Number of protein chains: 2
Amino acid sequence: MTAPLRFGLLLFPRLTQLDMTGPFEVLSRVPGGTVHLVWKTRDPVAADTGLTMLPDTDFATCPQLDVICVPGGPGVAALMEDAEVLAFLRRQADGARFVTSVCTGALVLGAAGLLKGVRATTHWASHDFLAALGAVPEHARWVRDGRVVTGGGVTAGIDFALALVAEMVSPEAAQAIQLQIEYAPSPPFAAGSPETAPPAVLAAAKARGAGMRAEREALVARVAARL
Amino acid sequence: MTAPLRFGLLLFPRLTQLDMTGPFEVLSRVPGGTVHLVWKTRDPVAADTGLTMLPDTDFATCPQLDVICVPGGPGVAALMEDAEVLAFLRRQADGARFVTSVCTGALVLGAAGLLKGVRATTHWASHDFLAALGAVPEHARWVRDGRVVTGGGVTAGIDFALALVAEMVSPEAAQAIQLQIEYAPSPPFAAGSPETAPPAVLAAAKARGAGMRAEREALVARVAARL
């Protein structure tokens, strides 16, 4: 692959910032690469946890990207019915080498019609919404199906981005970045997935998420009907 | 521990944003907790990779924090000789329950005189600077010595923050957050530490970092002489 590579990460209200900042840290270290933080305007955008960040590129002036990536978070609900966002993603997807997501960003790709018949993953708590959006659900840390790469929940974006760099640049380039960011993870617990979390912790998480799931079910049904 | 907990993360020019955004994602999910992004002013701050973020609290109006945390990045060099920053850290440290850092943020704690005789760690490429700043260097993903907790490079901030939540709130609270952020890491390579990275990748990283190391050696010597 010839440099420079143009990566674009969608920065939108109420995104989960680590979905974006994990891949951002990895991709911004690609030699000769550039990372665009893209939104409708360049006004400040607040994440679901309050962190406020500045987009550096707006839809109107965004160049064709080599990689478009949609992070997740509560804000995806609004994006899934936002014609301007979906049109931007489709337009970029036409010319991009890779169309990607982290976490529930996959639901936005799905709403844009970009996951039809495509093997994909997303955050565990939204995984069962993928099929209604035309995707072929797969449980993995990240899933590549042709030029579509989808990552699992939040922190999966770091693994996804390193895998993408290995594919687009070289394994050595990805390893160099992994070393720079000292990515030798050592979680204090084995609670990071539904399969390994203590049953009481999982049950409590599901109970807390029940309200959002009900809303999202209705949303996915509406969006799916239009696809 | 009674809620609410006040966490404060230092947000400074040329920080490595993932040093901060990793812990931010974890700590902002602590029930009843608040996270302050603290800097001299509330003007936008740009990370070393260009991501621009907004502080929400300035030094003058910052309440006493339960946890003060200093992330790392190239910008620590300026902080290590910045009397205003060092005074703020010392003032907060007097009343905080935990004094913490991620990555080369440990060098700033050291410059503030907060690591004297304290077991500590930092990014692998700066680890040998700890001793000159009075710390007792230790190689670990994170190190707790009394109320001082220091994390290793960049991504170690996620592990550090989960461990801190387990200590300050409960293991179940940390596990719930780990599940929310689907932190079941699966790096594509085992290149995240000097011990496991391919020798050629490590050698190249050291060669690229040689210039910064030379500057930092002189800086650490100047700072150490004042301690």
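Below, each value reflects all heavy atoms present in this structure, side chains not excepted, and no hydrogens, waters or symmetry copies. We name chains A, B, ... by the order of the sequence lines, and we start the count at 1 in each one. Values in this document were obtained by computation on a predicted structure and should not be read as measured data.
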Write out, in numerical order, the residues from residues 69-76 of chain B with a heavy atom short of 4.5 Å from a heavy atom in chain A.
none
Donor-acceptor check, side chain of B/E182 to backbone of A/W124, threshold 3.5 angstrom: yes or no?
yes
Applying a strict 4.5 Å limit to non-hydrogen atoms, the region of A/P55 in contact with chain B is neither
Looking at A/D56, A/V35, A/T16, which makes the most heavy-atom pairs under 4.5 Å with chain B?
A/T16
Neighbours of chain A found in residues 173-180 of chain B - heavy atoms under 4.5 Å
B/A174, B/Q175, B/A176, B/Q178, B/L179, B/Q180
Does anything in residues 144-154 of chain B get under 4.5 Å of chain A by heavy atoms, and if so which residues?
B/G152, B/G153, B/V154
For the candidates B/S186, B/A200, B/P188, which exhibits the highest count of non-hydrogen atom pairs separated by less than 4.5 Å from chain A?
B/S186
Look only at the side chain of A/T49 and the backbone of B/E25, and say whether a donor-acceptor pair between them is shorter than 3.5 Å.
no
Can you tell me which of B/I181, B/L202, B/L54 forms the most heavy-atom pairs within a distance under 4.5 Å of chain A?
B/I181
Residues of residues 190-197 of chain A contacting chain B, heavy-atom criterion under 4.5 Å, by residue number
A/A190, A/A191, A/G192, A/S193, A/P194, A/A197
Whatever's closer than 4.5 Å to a heavy atom in chain B on A/P198 counts as side chain
Using heavy-atom distances under 4.5 Å, tell me whether B/L37 contacts chain A through its side chain, its backbone, both, or neither.
side chain
Out of A/P187, A/S28, A/A163, return the one with the most heavy atom pairs under 4.5 angstrom to chain B.
A/P187
Scored by heavy-atom pairs under 4.5 Å with chain B, the best of A/R208, A/H123, A/Q17, A/M53 is A/Q17
Using 0.5 Å steps for rounding, measure from the CZ atom of B/F189 to the CG atom of A/L162.
8.0 Å
Between B/A47, B/P171, B/C103, which residue shows the highest count of heavy-atom pairs closer than 4.5 Å to chain A?
B/P171
Spell out, as yes or no, whether a donor-acceptor pair under 3.5 Å connects the side chain of B/T21 to the backbone of A/L18.
no
Proximal component of A/I158, with respect to chain B [non-hydrogen, under 4.5 Å]
side chain
